[in-house]
Amino acid sequence: MLKSKLDHLDLFDVRSELAEDELMVRESVARFVDEQAIPLMREAFEQHTFPRELIPQVAELGLLGSSIDGYDCAGLNSICYGLICQELERGDSGLRSFVSVQSSLVMYPIYAFGSDEQKQRWLPAMAKAEAIGCFGLTEPHGGSDPGNMKTHAKRDGSDWILNGSKMWITNATIADAAVVWAMTDEGVKGFIVEKDMLGFTAQEIENKFSLRASITGALFFDDVRIPEDNVLPGVSSLKGPLSCLTQARYGITWGVIGAAQACLDEALRFTEDRILFGRPLSHTQTIQIRLADMARRITAAQLLSLQLGRIKDRGELSPAQVSLAKWNNCRAAIDIARDARDMLGGSGISAEYVPIRHAMNLESVITYEGTETIHQLAVGRELTGVNAFG
Ligand SMILES: Cc1cc2nc3c(=O)[nH]c(=O)nc-3n(C[C@H](O)[C@H](O)[C@H](O)COP(=O)(O)OP(=O)(O)OC[C@H]3O[C@@H](n4cnc5c(N)ncnc54)[C@H](O)[C@@H]3O)c2cc1C
């Protein structure tokens, strides 16, 4: 039988495009995921808990705020951040979500818009996981339209009084601090709300069928008094939270490749071992076409993310480019996960195999940080110059 010399999960040899330090980051995260994370993720998913015992090792590896220069952070480039996301999500989207939120949605806005004191206080602690953060933008009445924000803050002397609520917030109940976006008379501002502030509560959302190995919750603010020192001074418009989302969405484009690779890997093994009608399933034309289609989609996604990372490192990234990649790669990954699940037959619904868990997780990943429709409309707006959201 012909044996391919190509890497089945990297047909265009994207690895050969990586610099020495990028390869080292990928390998060390891959080892951590294979040895430490994967053995815990299935049970965590079944138990609907986040495996918090992994947090110290994630911090030890320098994966929190890895793109930030200084403040005890690793100062890695965008390709490294992407590779971190890819390897973590090969384990489980919940693990990657934890790192994405802490890095791109909490540490990044403090770094980009915070005061020196805020940076000194929070960034080294968050890099070491001594403090966990969450990001509150989405509200119960509709996350796709953040301009219609109801959560608001009013000045009261040198403090602010915050009222409102946020929904679907990753890390909500384990966070020491929430970066919360609220409407004010001076525009949209970011508030660092600390967990023991009076009037602030977080409540876990239970019974999820997706991202079960990730904590999701709601945040409530009832006349929470926030000192001016906890307001991010560098931003007063929706551009603030949207720029955080651009960072996180970039990481997602890489992350979902990892989930898709895990599913293709499982489908390849399963269809080679499964004997039906006297021959391995993988020897049939239909199965080979489906496997080939998975490899085609993964390859396209890898090349898209690699180029996106290079553009990002040149400082030329446009949100529409990130939208196109988030849409393309999430769609590819969820289709691959669902198809892999089907190719495993009845076994495909068992937790013994990874595709069903990835498929269920990807239902969240294709929805959060902008739904597929929202990203399609963002690309459409770029092409036509017309906003068709309304
Ligand atoms: C597990 C999980 C974790 C999350 N973590 C966070 C977090 O940490 N922080 C945070 O702030 N948010 C978080 N989110 C929220 C997430 O970003 C939102 O769910 C998402 O933006 C969609 O908002 P929504 O759920 O309110 O849906 P809606 O905005 O109500 O959308 C409902 C449907 O309408 C479609 N739609 C919207 N606008 C249009 C339009 N103009 N034309 C046609 N169709 C349209 C959408 O595509 C979707 O299909 C998380 C969500 C999940 C599921």
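As the structure lists them, so they are numbered: ligands from 1, and atoms in each ligand from 1. We number each residue from 1, following the sequence as shown.
Ionic pairing of E228 and R155 is present here: one or more N-O contacts between side-chain nitrogen and carboxylate oxygen are shorter than 4.0 angstrom. Note on R338 versus E363: salt bridge recorded, some NZ/NE/NH1/NH2 to OD/OE distance being below 4.0 Å. In this structure, R296 pairs ionically with D293, as a charged nitrogen and a carboxylate oxygen lie closer than 4.0 Å. A salt bridge links D34 with R90; the closest basic N to acidic carboxylate O contact falls under 4.0 Å. A salt bridge is defined here as a Lys NZ or Arg NE, NH1 or NH2 lying under 4.0 Å from an Asp or Glu carboxylate O, and R331 with D335 meets this definition.
For the residues T138, L245, N387, V106, the heavy atom positioned nearest atom 10 (C) of ligand 1 is part of T138. The residue from T170, V179, L211, T216 that puts a heavy atom closest to atom 8 (O) of ligand 1 is T170.
In this structure a side-chain-to-backbone donor-acceptor pair under 3.5 Å is missing from H8 to L268.
Distances below 4.0 Å separate heavy atoms of L137 from the following atoms of ligand 1: 11 (O). Atoms of ligand 1 found under 4.0 Å from any heavy atom of T371, numbered from 1 in the order shown, are 22 (C), 46 (C), 47 (O). Near E369, the atoms of ligand 1 lying under 4.0 angstrom from a non-hydrogen atom of the residue are 17 (O). Within ligand 1, the atoms closer than 4.0 Å to a non-hydrogen atom of I169 are 7 (C), 8 (O), 9 (N), 10 (C), 11 (O), numbered from 1 in the order shown.
Relative ring orientation between F98 and F50 is described as parallel, the plane-to-plane angle staying below 30° on a 0-90° scale split at 30° and 60°.
Distance remark: protein heavy atom not present below 4.0 angstrom from atom 49 (O) of ligand 1. For atom 33 (C) of ligand 1, the nearest protein heavy atom lies 4.0 Å or farther away. Under the 4.0 angstrom criterion, atom 28 (P) of ligand 1 counts as having a protein heavy-atom contact.
The closest protein non-hydrogen atom to atom 2 (C) of ligand 1 is Y368 CD2, 3.7 Å. In terms of protein heavy-atom proximity, atom 41 (N) of ligand 1 is closest to F389 O, 2.6 Å. Atom 9 (N) of ligand 1 has F135 O, 2.9 Å as its closest protein atom, hydrogens excluded (heavy atom only). W168 O, 3.3 Å is the protein heavy atom nearest to atom 7 (C) of ligand 1. In this structure, atom 42 (N) of ligand 1 lies nearest to the protein heavy atom L377 CD1, 4.0 Å. Protein heavy atom nearest atom 44 (N) of ligand 1, with residue, atom name and distance: T373 CG2, 3.6 Å. At the shortest separation from atom 24 (P) of ligand 1 among protein heavy atoms lies G143 N, 3.5 Å. Protein heavy atom nearest atom 53 (C) of ligand 1, with residue, atom name and distance: S364 OG, 4.0 Å.
Of all the heavy atoms of K166, none lies under 4.0 Å from any atom of ligand 1, so neither backbone nor side chain is involved. Residue S144 touches ligand 1 through backbone and side chain together, judged by heavy-atom distances below 4.0 Å. Only side-chain heavy atoms of I374 come within less than 4.0 Å of ligand 1; its backbone N, CA, C and O stay farther off.
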L83 and V29: side chain to side chain contact (heavy atoms under 4.5 Å, CB included), yes or no, with the steps?
CA-CA 8 Å; L83 291 164; V29 183; over 6 Å; no
Under the side chain to side chain contact (heavy atoms under 4.5 Å, CB included) rule, what do R96 and I252 come out as? Steps first, then yes or no, please.
CA-CA 8 Å; R96 198 268 308 141; I252 291 174; 3.6 Å; yes
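Close to ligand 1: G142, with a non-hydrogen atom less than 4.0 angstrom away.
S97 and Y368 share a side-chain donor-acceptor pair at under 3.5 Å. A donor-acceptor contact under 3.5 angstrom links the side chains of N77 and E22, judged on distance only. Checking T151 against E139 by side-chain atom types alone, a donor-acceptor pair falls below 3.5 Å.
In this structure, K195 is not positioned above the aromatic face of F200 in the sense of NZ or CZ being under 6.0 Å from the six-membered ring centre and within 45° of the axis.
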